[in-house]
2 protein chains.
Amino acid sequence: MNPIESSPLTRKLSTFVALSDVDLETLARFHRRRRTFLAGHEMMHEGQSNASAYILAEGWACSYKMLPDGGRQVINFQIPGDFLGLRSILFRTSDLSLEALTDIEASEVFAPDILGAFAEAPRLATAVLWASSRDEAMMVEHLVNLGRRSAVERMAHLLMELGARLNHVGIGDRTGFSCPLTQYHLADALGLSAIHVNRVLRQLREDGLVTFRQGKVTFNNFEGLQALAGFDTGYMDHAGPLLR
Amino acid sequence: MNPIESSPLTRKLSTFVALSDVDLETLARFHRRRRTFLAGHEMMHEGQSNASAYILAEGWACSYKMLPDGGRQVINFQIPGDFLGLRSILFRTSDLSLEALTDIEASEVFAPDILGAFAEAPRLATAVLWASSRDEAMMVEHLVNLGRRSAVERMAHLLMELGARLNHVGIGDRTGFSCPLTQYHLADALGLSAIHVNRVLRQLREDGLVTFRQGKVTFNNFEGLQALAGFDTGYMDHAGPLLR
DNA sequence: CGTAGGATTGAACGAGATCAAAGCGGGTGG
DNA sequence: CCACCCGCTTTGATCTCGTTCAATCCTACG
């Protein structure tokens, strides 16, 4: 196995576009600057300009927006293999904040790295467009979640999605996964109050569907949960390479 | 003025990436197949494969997802100049449905048109990535809207966003715009019931902020509405070309 | 052993949903 | 030209899900 192909990002992009050696070498340069962040560190702030992008190698992060009244909306949780802050480079200023939820290892990518890569290895632009569209499809599901599902359904859906995503990168399995989120994080992601999140989790536990406890999510009834959430993996896993 | 540059999509993409003559000619080929659709026509169905993409020239459309219980979540409204259904091509199958809200004129774009364009004129891939990221930023705002704002704030935000977007393409002005949406459409976009939408509109009208009536939106107090909505144009208008 | 951040529970409240029923306007067919 | 209908809007009454406020309880950690 070629070491140059080993990064999770490379694997992800290769599923869409067959990458040449030049593409792969260019991508490999994204991993020159390995950095670590401590849990709680704010890696990026809404409105910040000249922010870097990151490729998450280890740990969890979350992206969010604050409201004037102090409320907060979590946009997404980021797990290993995810690309963070692309828009902050494309638009020179970040439209959201980014916080490390655990201690994190990530590769820092500067704007010229990315823009240069698109110029030198144009297929990468297509590959990144694809990856970004996958994220967009996920966001569409989140929109449906917030707009049209009840609190219990929302929670079920979020937990299943996280499980499926972690599975994709080889973390956790069908029985569950370990999860550093607090009930406050869940609340901010689902548009609920932390108190209600607690009740919802209790209900899901008592109904024998999922258990969320001390950093562990356990699927007690995968099919039942899937049915409740209306969770369809369709928007997550996609067919093989489109461009050869 | 070069006729080849005249399409709204071309103008949009040019604001991010300086396009060469080859790029422009390639883009122009997107406009070979002009089609019209009647109001109410379903242009694309969730799960459909081999769907085309479209560049909207005239009229309004909306993208949505249906839920098993019959509920519906509108993801976005599309106005002239918008590119529709990119993901249906990138993923070979559409993750949402698309409906013409008015009679529509649009250019139909087939998968090979787009994928070929990315191969022949690689800068277009970067340009489309940028346009797609702009849409993503808009979706982030919608997420905040649904997750953390009250019904009145949501409505205010949606109406202001529509106004700003229409303004961008030369339709409507600071005083208002004409709007083919019914209260049901608004409800499905905002995660509310149509009945409550009606009450919210009444309140906004009585407070002298906006009037929504017989296909016309009138801003009675632009600044007040902006303050209520927490509407910040930052996520919509971006700086000039990043790639020269 | 004290403390702080997170989890849990109860009681009261409220925003928005749901149910039910009129109005209204414009298009269609008799 | 009128009567009818259908889709949309408007209003009232009631109900419910989720919030808010207020404590208390863990438990890991210094």
Side-chain angles (χ1 to χ4, degrees), chain A residues 38-40 60 62 67 69-74 99 101-103 145-159 178-207 210-218 228, chain B residues 38-40 60 62 67 69-74 99 101-103 145-158 178-207 210-217 228:
Chain A
L38 296 181
W60 290 49
C62 92
L67 286 101
D69 69 356
R72 147 168 136 152
Q73 178 63 45
V74 165
E99 186 195 340
L101 296 176
T102 66
D103 291 354
N145 222 18
L146 289 186
R148 283 294 172 220
R149 284 199 258 254
S150 73
V152 205
E153 293 166 343
R154 277 183 227 184
M155 180 64 74
H157 193 278
L158 174 58
L159 295 179
S178 68
C179 173
L181 304 178
T182 69
Q183 298 187 353
Y184 288 87
H185 289 128
L186 296 173
D188 287 345
L190 298 175
L192 301 171
S193 68
I195 289 106
H196 199 60
V197 161
N198 185 281
R199 293 192 230 279
V200 163
L201 287 175
R202 167 154 51 120
Q203 188 186 329
L204 286 170
R205 190 183 337 121
E206 288 173 352
D207 291 353
V210 235
T211 310
F212 181 103
R213 256 194 177 154
Q214 42 221 26
K216 289 266 166 214
V217 173
T218 312
L228 171 65
Chain B
L38 295 181
W60 290 49
C62 90
L67 285 102
D69 69 357
R72 147 169 135 149
Q73 178 62 44
V74 166
E99 186 195 341
L101 296 176
T102 65
D103 290 354
N145 222 18
L146 290 186
R148 283 292 173 223
R149 284 198 258 255
S150 72
V152 204
E153 293 166 343
R154 278 182 227 186
M155 180 63 76
H157 193 278
L158 174 59
S178 69
C179 173
L181 304 178
T182 70
Q183 298 186 356
Y184 288 87
H185 290 127
L186 296 172
D188 287 345
L190 297 175
L192 301 170
S193 67
I195 288 105
H196 199 60
V197 160
N198 185 281
R199 293 193 228 280
V200 163
L201 287 175
R202 166 156 49 119
Q203 189 186 328
L204 286 170
R205 188 184 337 119
E206 288 174 353
D207 292 353
V210 236
T211 310
F212 180 104
R213 256 193 180 152
Q214 42 222 28
K216 289 265 167 215
V217 172
L228 171 65

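Proteins come first, then strands; the chains are lettered A, B, ... in the order of their sequence lines, and each starts at number 1.
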Item to complete: Decide yes or no for Met155(A) and Val210(A): does some side-chain heavy atom of the first lie under 4.5 Å from some side-chain heavy atom of the second?
Response: no
Under 4.0 Å between any heavy atoms, over every strand shown, what does Ser193(B) touch: base, sugar-phosphate, or nothing? Just pick one. base
note: Arg149(B), atom CZ; dA15(C), atom P; distance rounded to Å ~ 18 Å
Here the distance between atom P of dT9(C) and atom CD1 of Ile195(A), to the nearest Å, is 13 Å
Original post:
Is Gly40(B) touching bases, backbone alone, or none of the nucleic acid, heavy atoms closer than 4.0 Å?
Top reply: nothing
From the candidates dT10(D), dA17(C), dT9(C), the one with an atom nearest any side-chain atom of Gln183(B) is dT10(D)
Using only side-chain N and O atoms of Arg213(A), determine if any of them is under 4.0 Å from OP1 or OP2 of dT8(C). yes
Original post:
Is any side-chain heavy atom of Leu228(A) less than 4.5 Å from a side-chain heavy atom of Glu153(A)?
Top reply: yes
Separation of dT10(D) atom C1' from Glu206(B) atom CD, nearest Å, is 12 Å
Between Glu206(A) and Arg199(A), does any side-chain N to carboxylate O distance fall below 4.0 Å? no
Closest to the side chain of Arg205(B), out of dT10(D), dG18(D), dG16(C), is dT10(D)
To the nearest angstrom, the CZ-P distance between Phe212(B) and dT9(D) comes to 7 Å
Between Ala194(A) and Gln214(A), the residue closer to the 5' end of DNA chain D by nearest nucleotide is Ala194(A)
Here the distance between atom C1' of dT10(D) and atom CG of Leu192(B), to the nearest Å, is 17 Å
To the nearest angstrom, the CG-C1' distance between Leu181(B) and dG7(D) comes to 16 Å
- Query: So what does Gly191(B) hit on the nucleic acid, given a heavy-atom distance under 4.0 Å: a base, only sugar-phosphate, or nothing?
  - Reply: sugar-phosphate
Looking only at heavy atoms, the pair that brings Cys179(A) and Val217(A) closest together is CB-CG2, 3.9 Å
Rounded to whole Å, CE of Met155(A) lies from P of dA7(C) at a distance of 11 Å
Taken to the nearest whole Å, CG/Leu186(B) to P/dT10(D) is 11 Å
| message | If the threshold is 4.0 Å, N to carboxylate O, is there a salt bridge linking Arg148(B) and Asp188(A)? | response | yes
From the candidates dG16(C), dT10(D), dA7(C), the one with an atom nearest any side-chain atom of Asn198(A) is dA7(C)
The nucleotide from dT8(C), dT10(D), dT19(D) with an atom nearest the side chain of His196(A) is dT19(D)
Could you tell me whether the phosphate oxygens of dT10(D), OP1 or OP2, come under 4.0 Å of any side-chain nitrogen or oxygen in Arg199(B)?
no
request  = Please determine if a side-chain N or O atom of Arg202(A) lies less than 4.0 Å away from the OP1 or OP2 oxygen of dT9(C).
outcome  = yes
